[in-house]
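Have a look at the structure below, then the notes.
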Amino acid sequence: MKTLQLETKVKQTLNKIKIPKNARILVAMSGGKDSATIAYLLHKFGYKIEGFHIDLKIGDYSERCKKAVEELCKNLGIKLYLYDTKKNLGAGMCYIRTAVQNSPGKNKLKNCAICGVVKKWIFNKEARRIKANYIATGHNLDDEAQTFLMNISKGSPKLSANIGFVTRNIANKKFIPRIKPLFYIPENDVREYAIKMKLPHVKDKCPCAIDSYRIQIREFLNTLPSKDKENIIRNFEKVRKRIEKKKDIRMFYCENCGEPSRNKICRKCELMKI
Ligand code: AMP
Ligand code: ZN
């Protein structure tokens, strides 16, 4: 995909979300190519952004991620909020996930699933504390097509409710909407763009990302042309429109931490009750 074509596609996605220009967007920056591209583009398009990085304390990998995020934020002249998991949660992500997996009934949970729940919980809580209006993440077309296929093949299409370029139907004053401006951009195009624009980023994957099922699905999807991956997502959107209930999703507040939750106890607290 050409540079201009990628930028136009991202702009079109942002236009669909109708973000007011004075809204504060907190960009969840992992140190990877996707969130680096998002920060760069949102800044280029004139949005009011700040960076947010969770230091997962996964050894040297986390150190390099933090450095890349710090460098990009400095280059863009944007403020960076750092969240230290050891200071705030009492342990690094490796320890948290091992403790969860060693507790009864939770040994089948994948590393990335546990990390994802905890990260989303942190994003919401911190974005609200910082008074941001949106959280932007770097999820790309491949990530979303993988998640969708995994949900289908595991027989839980309801889980796909979170797929989309903006979280929908959640009207709750403690919930900060999440946006995914790279929703329609294939991973390889994001990679090329980040390299072309010389955006500081870490190239290797998280050493804990060993979800073999996702890897299998990714390998299968990589045998398809990008257009087919886009078709998977576009077809999903069409089906969703038909079956979607217009009603807002009912939210409670977690009895343990007070964060918005679909159940009495949120997924993060459920996981970390060990
Ligand atoms: P992942 O779940 O690792 O595929 O990451 C998906 C998105 O979540 C990334 O594109 C980032 O926007 C965000 N993210 C992941 N890890 C971090 C982190 N350590 N700090 C801040 N944001 C993150
Ligand atoms: Zn909770």
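Both counts, for ligands and for their atoms, begin at 1 and track the order of listing.
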(request) Determine the sole option in Glu7, Lys33, Lys2 for which the side chain to side chain donor-acceptor pair (under 3.5 Å) test with Tyr193 is passed. (result) Glu7
(message) Is it the case that the side chains of Arg24 and Asn133 hold a donor-acceptor pair, with the cut-off being a distance below 3.5 Å and no angle test?
(response) no
(message) What I want to check is whether the side chains of Arg191 and Thr37 have a donor and an acceptor closer together than 3.5 Å.
(response) no
(request) Compute whether any side-chain donor of one residue and acceptor of the other, for Asn222 and Lys229, lie under 3.5 angstrom apart. (result) yes
(request) Could you pull out every protein residue that has a heavy atom closer than 4.0 Å to ligand 1, ordered by chain and then number? (result) Ala28, Met29, Ser30, Ser35, Phe52, His53, Ile54, Leu56, Lys119, Phe123, Thr137, Gly138, His139
(message) Can you give me the closest heavy-atom contact between Cys257 and Cys266, atom names plus distance?
(response) SG-SG, 3.9 Å
(message) With 2.8 Å as the limit, count the protein N, O or S atoms near the Zn ion (ligand 2).
(response) 4
(request) Under the ring pair (Phe, Tyr, Trp, His ring centres under 6.0 Å) rule, collect the residues that match up with Tyr47, sequence neighbours excluded. (result) none
(request) Give a yes/no verdict on a cation-pi contact between Arg128 and Phe175, requiring under 6.0 Å between NZ or CZ and the six-membered ring centre and an angle within 45° of the axis. (result) no
(message) The criterion is side-chain contact (heavy atoms from CB on, under 4.5 Å); which residues satisfy it with Lys79, sequence neighbours excluded?
(response) Glu50, Tyr81
(message) Pairing donors with acceptors under 3.5 angstrom, does anything connect the side chains of Glu270 and Asn256?
(response) no
